[in-house]
Amino acid sequence: MAKSKASAPAAGTAPAPAQPASKPKTGDGSPIRHLYLVDGSGYLFRAYHALPPMTRPDGTPINAVYGFCRMLAIHLDDPEVDHIAMILDAGRTTFRNQIYDKYKANRPEPPEDLIPQFPLIREAAKAFNVTVCELEGYEADDLIATYARLAVEEGGSCTIVSSDKDLMQLIRPGVDMMDPIKQKKLGPEAVMEKFGVTPDKVVDVQALAGDSTDNVPGVPGIGVKTAAQLINEYGDLETLLQRAGEIKQPKRREALQTNAELARISKQLVHLRDDVPAPADPDTFDKKRPDPNVLLPWLEQQGFKSLIAKYTKELGEATAPVAPAATAPLPPKKTEPMKPAPAAHAKPNRPFTTADYELIRDEAALDEWISEATKAGVVAFDCETDALDSNNAGLVGVSLALLDGPWGNVNSTRRRAAYLPISHRAPGGTKKAEAQGALDLGGADERADGDGKLLPDQLALETAIAKLKPLLEDPGVLKVGQNIKYDMCVFERHGVRIGPVDDTMLLSFVLDGGKHGHGMDELAERYLDHKTIKFSDVAGSGAKQVSFDRVPIERAMEYAAEDADVTLQLWAQFKPRLAHERMVTMYETIERPLIPVLLSMEQAGIKVDAPALKRLSADFEKRLGELEREIHKIAGREFNVSSPKQLGEILFDEQKLPGGKRSKTGAWSTDASVLEELANAGHPLPVKILEHRQLAKLKGTYTDALVRELDAKTGRVHTSYHMTGAATGRLASTDPNLQNIPVRTEEGRKIREAFIAEKGHKLLSADYSQIELRLLAHVADIGSLKEAFARGDDIHAITASEMFGVPVKGMDPLVRRRAKAINFGIIYGISAFGLAAQLGIGQPEARDYIAKYFQRYPGIRDYMERTKDFARKHGFVQTPFGRKIHLKFINDKSQGMRAFAERAAINAPLQGGAADIIKRAMIRLPQALKDAHLEARMLLQVHDELLFEVADQEIDKTKEVARTVMEGAAKLSVPLVVETGVGLNWAAAH
DNA sequence: TGCCTCACG
DNA sequence: GACGTACGTGAGGCAC
């Protein structure tokens, strides 16, 4: 393997070998069959980042050592392993520093709580009776290379326990690697995946690509991908450098020619020496049985209970008395502070049986229930309908549930629930057949013809409504529902304005947002230990599903009464927690009051120009057909352009275009960034694909779908807002989603133009300017940012000016763009990778920007650290208004999951705070408009924007009210600014 | 049903 | 000296 350069690297500069580099004299060990070489410090870093924080009873951090011991135990148990040693770095400077003084120069200090763990792994190795090897002047990697060579020369084989990519060059027949965390063997395939070349060419690739963590320079502008391509083409580095003049791309050619020497130095740095003086005979690395008198007391001192148990069983108790750990034990640190739900509440008051439920078949029974409910002061209720769309669904039945005793008596052991069937019909038609008729006919009542006759012994709809109305509107009776907005919508179409209400879904969201979902089935299982009857159990599923009015009444009762019953019991658990967990204000002043506001927005809907959408759709279809023909022509065969799988095969397997990335599942990635790169490289096919993708998306997701969503009765589109969908407190919009209507491209804006105002009206758009950045300046308390906002300055320009030291006046737009990307990155929990991708720059440059940013705004870094610490300690973060966002993975054992949760933790108070602010504005707006005698209606919310429909003559006044209310929705240490626009359509209002 | 892709803030 | 990458959503089409 190692060719000419094995001897090249500055033989004279290396410390003089103390012994010959060949195999030293034999010790007392046996010959090697299989040698395991553990990269000790490499493993320690891996384990440190992979495991959640742990401490010894005396407070010493211990997670990495624990991981190390677990790994050692596994290898010692492995019968394949007959020899094992741990290799360590002896010091920080090595012969490589003489070749290149900046080698590993930019390496940051290890994390604070890892440092005390370094000496402990030496102790650990000793306790487990494993030899430790190190050599002054060389890195552990060189020693590993040398021992690997010796093992193979002796006729044995070797496994290097490490995932350090720098060691991959050593893989060859007889030598492989093992990822110590994933317990996965790494062979030539893993090398090919990582470097795109065979193991013997790894050093050449690394020499070209360089390595920022080790500060290996490489050739600027060449990364691993390009390097692999070049090496595979030219065979090796030296040939490539000599023939660099043949390279077509001018930039690449120039880079290689001017940096040839840098590449050669880099190669010396990355190439591992396998001829260093081995400090011990590898035969002496034979696996030895640990001494229980050494191992057990040591494990005891660390508090590794599972390992103590394992080795006590295998080795027997320690026989010699041992000195106890010298340090005084401290109480262990808590790492899992999330409070479970109170145990007393984990069980239902009484087991669920249908015997608790009854049917309300006549007026007398209903009167009795209404009277009881009124006396109780709190009633859970739920309505069943024949469709999901609350704007059109017909009422099929109502269920009620009561606690025994006056309201507030949540500890009552008795409860009752009942179902009032109203519009059940004889079985017959399926849902699909039914939907056909529903379009032309009005309510459920008129659909009595055909096979579905109304069943007997049900109260008439009018009677039921008339009797329920006083109860549902009684200000002295609290109506509890699960997602009660839905029920309010249904009843409002029958002239009933339900109130006051509580919503178990919202209570759960306010208390436990981010911990879990808030659907009834999940809540019942989690808090009541009860599996609810599923809708599909009573109504069937798929094509055979029937609407609820076709479900037999007895069966319907079991399902429906259970819903009310469960709702009431959930309420009994959640409501007391509200005050206890200090979430009353959030619930009472933000979430609950928002219900009727959203309801009226959903009912209002927005007018859509259907003919325009249809024209657009036809136009898109025509162009899609043309594009498809062109694409097939270029590709040389027909295939489904909408199939990423087929497309990937065409591009990368058949046409062999460069730059293919694989996704997690191994499929070719064909997303926009990949296609754009190919397009920039001059390939014609990706350009057409991108265009096709865009049009197909617009047609499929918007033009066609929106026309389908038009409500036959109102001629408008009615979305529905979900209050508990986003953990941060944002709303979500579905059926259709009106929060992602295109706006960024020209073609897309044509769709937005189809959202229009009623005759004599205009659309008014009011949106918060930079609300999340303002919140950041506020919560992190950054003086200069706050002042800039107070002055009304261009915040991205100010950031750029302060970071790069350039004046705002006459600023290069590119500089401002970078600052803008960084500002957004900060809000998202910045990473060099993300920023690099966003700006299309290299990661080192991105890292540099981030460092500059934090240098200028250290307060923001402090804020981020504080936020993460808080999240780790409490399991949630909070917005300035008190909303809690739980981060269930913040102390996860996976480093990836923790990093993810940390970024979310940084983002959540900002995104959630912005959501709180606009919700506060939305709650005040209806009354403010009314007070100003304005008819304007609020139609849509898109996170930081509100859209109103306004009569022409009221535009100026409405604009003023909207701005005043929105800007006054929160009192922060920075001003809130709202920008408005007016137009005949939504695009024009921007 | 899971995955990929892409529309929005 | 490793890992996976910006935060939060919903919807449509494909492949299984």
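Chain letters run A, B, ... following the sequence lines, proteins first and then strands; every chain starts at 1.
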How would you label the contact of A:Arg744 with the nucleic acid (heavy atoms, under 4.0 Å): base, sugar-phosphate, or nothing? base

Counting only heavy atoms not in A:Gln183 (residues, nucleotides, ligands), do more than 12 fall under 6.0 Å from its CD? yes

Base, sugar-phosphate, or nothing for A:Ser894, non-hydrogen atoms under 4.0 angstrom? nothing

Under 4.0 Å between a Lys/Arg side-chain N and an Asp/Glu carboxylate O for A:Glu628 and A:Lys688? no

Go through it in stages, so that I can follow the logic: the residues are A:Tyr43 and A:Asp164, the test is side chain to side chain donor-acceptor pair (under 3.5 Å), and I'd like the CA-CA distance, side-chain angles, deciding distance and then a yes or no. CA-CA 9 Å; A:Tyr43 184 79; A:Asp164 185 350; over 6 Å; no

Between A:Thr734 and A:His722, does the side-chain contact (heavy atoms from CB on, under 4.5 Å) criterion hold? Intermediate values first, please. CA-CA 8 Å; A:Thr734 62; A:His722 296 248; 2.7 Å; yes

With sugar-phosphate meaning primed atoms plus P, OP1 and OP2, does A:Asp735 contact a base, only sugar-phosphate, or nothing at under 4.0 Å between heavy atoms? sugar-phosphate

Between CD of A:Glu691 and P of B:dC6 the distance, given in whole Å, is 14 Å

How many whole angstroms separate atom CG of A:Leu698 from atom C1' of B:dT5? 13 Å

Base, sugar-phosphate or nothing for A:Asp179? Non-hydrogen atoms, less than 4.0 Å. sugar-phosphate

Qualifying residue for salt bridge (Lys or Arg N to Asp or Glu O under 4.0 Å) with A:Glu746, from A:Lys750, A:Arg744, A:Arg749: A:Arg749

Give the rounded distance in Å between these two atoms: CG of A:Asn640 and P of B:dT5. 14 Å

Out of curiosity, A:Arg96 CZ to A:Asp142 CG, how far, rounded to the nearest 0.5 Å? 4.0 Å

Using whole Å, what does the distance between atom P of nucleotide B:dC3 and atom CZ of A:Arg662 come to? 17 Å

Check this for me: A:Glu677, atom CD, are more than 12 non-hydrogen atoms of other residues, nucleotides or ligands nearer than 6.0 Å? no

Would you classify A:Ser733 as touching base, sugar-phosphate or nothing, given that sugar-phosphate means primed atoms plus P, OP1 and OP2, and contacts are heavy atoms under 4.0 Å? sugar-phosphate

Could you check whether A:Tyr853 and A:Tyr849 have their ring centres less than 6.0 Å apart? no

For A:Glu772, report the nucleic acid contact type (base, sugar-phosphate, nothing); a contact means any heavy atom under 4.0 Å. nothing

Using salt bridge (charged side-chain N to carboxylate O under 4.0 Å, His left out), reason through A:Asp916 and A:Arg883 one step at a time and then give a plain yes or no. CA-CA 8 Å; A:Asp916 294 340; A:Arg883 177 187 305 282; 2.8 Å; yes

Base, sugar-phosphate, or nothing: which does A:Ile827 touch, judged by heavy atoms less than 4.0 Å apart? nothing

With sugar-phosphate meaning primed atoms plus P, OP1 and OP2, does A:Arg730 contact a base, only sugar-phosphate, or nothing at under 4.0 Å between heavy atoms? base

Separation of the P atoms in B:dC3 and C:dT5, to the nearest angstrom: 14 Å

Give the rounded distance in Å between these two atoms: CG of A:Leu706 and P of B:dA7. 15 Å

Using a cut-off of 4.0 Å on non-hydrogen atoms, how would the nucleic acid contact of A:Ala727 be classed: base, sugar-phosphate, or nothing? sugar-phosphate

Any residue of residues 900-910 of chain A with a heavy atom less than 4.0 Å from an atom of DNA chain B: none

In whole angstroms, the gap separating P of B:dC8 from CZ of A:Phe824 amounts to 14 Å

Base, sugar-phosphate, or nothing: which does A:Gly912 touch, judged by heavy atoms less than 4.0 Å apart? nothing

Using 0.5 Å steps for rounding, measure from the CG atom of A:Leu51 to the CZ atom of A:Arg898. 7.5 Å

Spacing of the C1' atoms in C:dG4 and B:dC8 (rounded, Å): 25 Å

I'd like to know if the side chain of A:Tyr721 reaches the main chain of A:Gln941, judged simply by a donor and an acceptor atom lying under 3.5 Å from each other, with no hydrogens or angles considered. yes

Would the distance check show the side chain of A:Asp39 and the main-chain N or O of A:Ser162 forming a donor-acceptor pair, the cut-off being under 3.5 Å? no

Dot-bracket for DNA chain C, 5' to 3', Watson-Crick and G-U pairs with both distances under 3.5 Å, [ ] for crossing pairs, | for partner on another strand, reads ......|||||||||.

In terms of the nearest nucleotide of DNA chain C, which residue is placed more toward the 5' end: A:Asp141 or A:Lys697? A:Asp141

On DNA chain C, reading 5' to 3', which nucleotide is the first and which the last to sit with an atom under 4.0 Å from a heavy atom of chain A, could you check? C:dG1 to C:dA15

Taking side chain as C-beta onward, heavy atoms only, is A:Ile885 less than 4.5 Å from A:Gln911? no

Which nucleotide in the list B:dG9, B:dA7, B:dT5 gets nearest to the side chain of A:Gln694? B:dA7

What distance, rounded to whole Å, do you find between the two C1' atoms, one in C:dA6 and one in B:dG2? 24 Å

Please determine whether a side-chain nitrogen or oxygen atom of A:Thr670 lies at a distance below 4.0 Å from atom OP1 or OP2 of B:dT5. yes

Quick check: does any side chain N or O of A:Asn97 sit under 3.5 Å from a backbone N or O of A:Thr94, one acting as donor and the other as acceptor? yes

So what does A:Ser831 hit on the nucleic acid, given a heavy-atom distance under 4.0 Å: a base, only sugar-phosphate, or nothing? base

Toward the 5' end of DNA chain C, which comes first, A:Ala821 or A:Ala726, by nearest nucleotide? A:Ala821

Would you classify A:Ala832 as touching base, sugar-phosphate or nothing, given that sugar-phosphate means primed atoms plus P, OP1 and OP2, and contacts are heavy atoms under 4.0 Å? nothing

For a quick check of understanding: with a heavy-atom distance under 4.0 Å over all strands, which category does A:Gly896 fall into, base, sugar-phosphate or nothing? nothing

Whole-Å gap separating P (B:dG9) and OH (A:Tyr828): 10 Å

Determine the contact category for A:Ala732: base if any of its heavy atoms lies under 4.0 Å from a base atom, sugar-phosphate if only primed atoms, P, OP1 or OP2 are that close, otherwise nothing. sugar-phosphate

Whole angstrom value for the distance that separates P of B:dC4 from NZ of A:Lys645: 13 Å

